[in-house]
Amino acid sequence: MYTSKTIVTILLFTLSVFTYGQINDSIQPVNLEFITNKLENLSRDSDINLDYSDLLEEYIYYFENPVNINGENIVKLRDIYLINDIQLNNLRLYIVNFGQLMSIYELTSVTGFDKETVKNLEPFITFETVEKTERFKTRDAVRFGKHVLISRYDQILEKKRGYLTHPDSAIHYPGKVYLGNPGHYYFRYSFNYKDKIKAGFTLDKDAGEIFIKNNLSDSLKTILKNYNTYGFDFMSFFAYVGNIKFIEKIIVGDYHLEFGQGLTLWSGLAFGKSADAVYIRRYPRGIRANTSANENRFFRGITGTARLNNLMLTGFYSTNNIDANIVPSEFTEDDGVSSILETGFHRTLSELYDRNSLNVEVYGGNLTYKKSGISSGFTYYKTKLSRQIIPSENTFKLFDFHGDNMVNMGLDIAYSLDGVNLFGEFSRSSNGGMAAITGINTFLNDRFFLSFLFHHYDRNFQNIYNNPISVSSRKSNETGLYLGCKVLVSKNLSISGYIDHYRFPWLKYRVSSPSEGKDYLIHVNYNPDRNVSSFFRYRYKTKQENGVLLNKYLPSIFDYSRHDLRFFISWEISDLITMKNRVDYVLFKGQDNAHEIGYLAYQDVLFRPVVFPLQLTLRYSIFNTDGFNSRIYTYENDVLYAFSVPSYFDNGQRWYLMAKLKISNSLTMWLKYSKTTYFNKINIGTGNEEIDGNSRSEIKAQLRVKI
């Protein structure tokens, strides 16, 4: 007889035969290739799983509320990196000279717009006659504001080592026992009225964290009495008012700050260099609400921006408790911290001891002047910590911040004139460390973009809340020169690429002397018609690290290189079905010419019926790499506001099937099942995350209610 599990499996497989995965309408923006490639780069540079909601919030909003291409709001398209300053100016000039645009096809007549750019823009724009702006009425916000509630549950089905020991034994193994259940719970509420009044909160409980304390023994309850471990482990909230008279924005609760090029103050995530090549300038959004579940890198308090003619003044105050590694201090009576933690995990006693152990108080402001293509701003703020940061005595950390307070200040400037855009920022930390970044975007003719960027960050430059363009995660001890270009060979064909040379004047982690590196990329994009898009990419990157040598006290550094080749093609077979294929090949060379080879190939099938409310996304992938150094990152389609960018290494296969069912105009449900199987392993993972077996499977369910 067939079990219920077998019947469900057969049913899903039968449906998948007829499916190809078109992007779910509500998450289509995060599946556009130019965005997913950037997310893969961010995941490659980070050791932790991040929530990218803050980065993609506006893409999702403008997908559901498209920007009128003929209105003043078209600057939003630049702010989310769909176009650059020069293309924005060309678009405005075209409207002045030829009148308002009437269709998507007319965009290709604007100088600097090829089919790739137009295709990226299409989901986010509309073509309407510009009308007078309506006056804001409070009663309309109550009547016509939109409420959205999202509830999600996901879980790894196989049992990890951290769950094998009963929680009562955590006292004897404080770092090796997960106290909670393996389920991940997520709840989010948001309210929005025409982007003028917004409010929301996010609740999150990671797998392994405690949800109900009553399940613990009395001895554990006694130990945890000073820790708030009931219910959701993380809670974030905000209230926002904007675009009302001279008040530009006000936020109470959790928020982010973005100014200049991110060198002085930029608390949230930001895209770095990518295959776009020429999109290297940051477009700061000033103050914005925190909507992600990243638990430690945001401000909590109040902030506001007021506009007076061409001046914009922003003030902010924040006090927030964040996670940090507590260590006994040798210089004061109080304990210090060795580093700030960003994982957000509180699954074991050891992780709970570090929870909210550091209070960070931040206050300051920004003054910005904008007029006729010029923008200039000055940022000043002070950071006070409840405990001293006492970094380890490793030589490469000699110039890291040490203490409990610091002051950061910086000046940024940007200027646009015809086909040239200049930008830069200069910053200083209170210990005297300096940093600078400057760049040029230029449009040499109607088919050639060129970008230049130079940055220098002193080895003693110290800043907790910044996120500029950089190679390393430390944002200091770095000098680099970047040159990017894009050539519009024809409306169907474009070629982009960059050259990036950089050096590190001081020591780094696993590098015991000054070092340098290079990064080269070429990207060929070909869109023969509206239904087919493809690209080929080659990237070559070198870096220097300590080698493994015997019988020597001082290790020597060696060159390590990596070649990445990728081919991608997407075609819409019909109005119902879209197919996507991708092939990656990696060659990594290390010490003494030792090398690793890896490859990955996947097939996406997307199904989007016009009249039936069910959408399906299926992927099957195979991979084989010689080791971790040849790993390959790949973005996966996921439920709304969830993000999956796994790394593939070793030898195996992975598949997933995701279904989206629109039950009504107000109610939508997602279901996803994924499974990874390794052909050369008998267990997966290490430490508490180890699974006894060669498979790892996950279920995910989400419900969204719109009112």
Side-chain angles (χ1 to χ4, degrees), residues 29 32 34-35 38 58-59 61-63 65-128 130 195 258 260-261 270-271 274 276-286 310 312 368-377 412-424 439-453 484-486 488 491 494 496:
L32 293 174
F34 79 98
I35 299 177
K38 292 180 178 181
E58 289 187 286
Y59 289 102
Y61 176 80
Y62 290 119
F63 173 75
N65 305 273
V67 174
N68 182 6
I69 199 73
N70 297 305
E72 285 299 317
N73 235 16
I74 57 175
V75 69
K76 298 294 185 181
L77 302 175
R78 182 208 63 182
D79 293 345
I80 58 177
Y81 305 96
L82 292 171
I83 57 177
N84 57 35
D85 276 299
I86 299 168
Q87 290 170 316
L88 175 63
N89 293 336
N90 291 343
L91 180 58
R92 285 171 167 167
L93 185 62
Y94 183 92
I95 294 174
V96 170
N97 292 335
F98 302 102
Q100 298 184 13
L101 286 83
M102 304 303 294
S103 74
I104 191 72
Y105 304 102
E106 195 174 354
L107 266 178
T108 56
S109 301
V110 180
T111 301
F113 284 71
D114 61 338
K115 281 190 175 180
E116 179 188 7
T117 302
V118 173
K119 189 170 185 177
N120 291 341
L121 281 170
E122 187 172 4
F124 307 100
I125 59 175
T126 185
F127 297 83
E128 299 175 1
V130 177
D195 235 14
E258 299 177 354
Q261 295 303 302
F271 291 131
S274 68
D276 294 323
V278 293
Y279 290 90
I280 56 170
R281 179 189 166 186
R282 294 277 168 83
Y283 296 105
R285 292 170 285 184
N310 299 317
M312 295 178 64
T368 297
Y369 173 83
K370 291 183 178 181
K371 184 179 180 180
S372 302
I374 189 170
S375 172
S376 180
D412 63 88
I413 188 168
Y415 179 67
S416 297
L417 176 65
D418 297 330
V420 179
N421 176 235
L422 307 173
F423 57 92
I440 301 173
N441 286 334
T442 181
F443 195 18
L444 299 182
N445 57 47
D446 61 352
R447 293 184 178 275
F448 191 79
F449 291 92
L450 186 66
S451 294
F452 169 86
L453 183 76
C485 69
K486 182 173 183 178
L488 307 181
K491 294 296 182 182
S494 65
S496 58

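Note that these values count all heavy atoms, side chains included, but never hydrogens, waters or copies made by symmetry.
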Would you please indicate if the ring centroids of Tyr62 and Phe124 are separated by under 6.0 Å? no
Set of side chain to side chain donor-acceptor pair (under 3.5 Å) partners for Lys76, sequence neighbours left out: none
Once salt bridge (charged side-chain N to carboxylate O under 4.0 Å, His left out) is applied, do any residues pair with Asp195, and if so which ones, sequence neighbours excluded? Lys198
Shortest non-hydrogen contact from Thr126 to Glu128? OG1-OE2, 3.5 Å
Mind checking salt bridge (charged side-chain N to carboxylate O under 4.0 Å, His left out) for Arg285 and listing every partner two or more places apart, or none if nothing turns up? Glu58, Glu258
Between Lys115 and Glu122, does any NZ, NE, NH1 or NH2 come within less than 4.0 Å of an OD or OE carboxylate oxygen? no
Taking it one step at a time, do Leu77 and Ile69 satisfy side-chain contact (heavy atoms from CB on, under 4.5 Å)? CA-CA 9 Å; Leu77 302 175; Ile69 199 73; 3.8 Å; yes
Should the ring pair Phe271 and Tyr59 be called parallel, tilted or perpendicular, given that the plane angle runs from 0 to 90° and is split at 30 and 60? tilted
Which residues pass the side chain to side chain contact (heavy atoms under 4.5 Å, CB included) test with Leu417, not counting sequence neighbours? Tyr415
Which residues share a side chain to side chain donor-acceptor pair (under 3.5 Å) with Tyr283, sequence neighbours left out: Asp85
Return the set of residues passing ring-ring contact (aromatic ring centres under 6.0 Å, His included) with Tyr279 (not counting sequence neighbours), or none when no residue passes. none
The ring-ring contact (aromatic ring centres under 6.0 Å, His included) partners of Phe423 (sequence neighbours excluded) come to none
Counting N and O atoms only, with roles assigned by atom type, does the side chain of Lys486 sit under 3.5 Å from a partner on the main chain of Ala277, one being a donor and the other an acceptor? no
Could you pull out all residues at least two apart from Tyr94 that satisfy side chain to side chain donor-acceptor pair (under 3.5 Å)? Glu106
Qualifying residues under side chain to side chain contact (heavy atoms under 4.5 Å, CB included), relative to Val75, sequence neighbours excluded: Arg78, Asp79, Leu88, Arg92
With sequence neighbours excluded, tell me which residues meet side chain to side chain contact (heavy atoms under 4.5 Å, CB included) with Leu93. Asn97
Name all pairs fulfilling the ring pair (Phe, Tyr, Trp, His ring centres under 6.0 Å) condition that reach into residues 104-123, sequence neighbours left out, sorted by first residue then second. none
Considering residues at least two apart in sequence or located in another chain, which fulfil the side chain to side chain donor-acceptor pair (under 3.5 Å) criterion with Thr117? Asp114
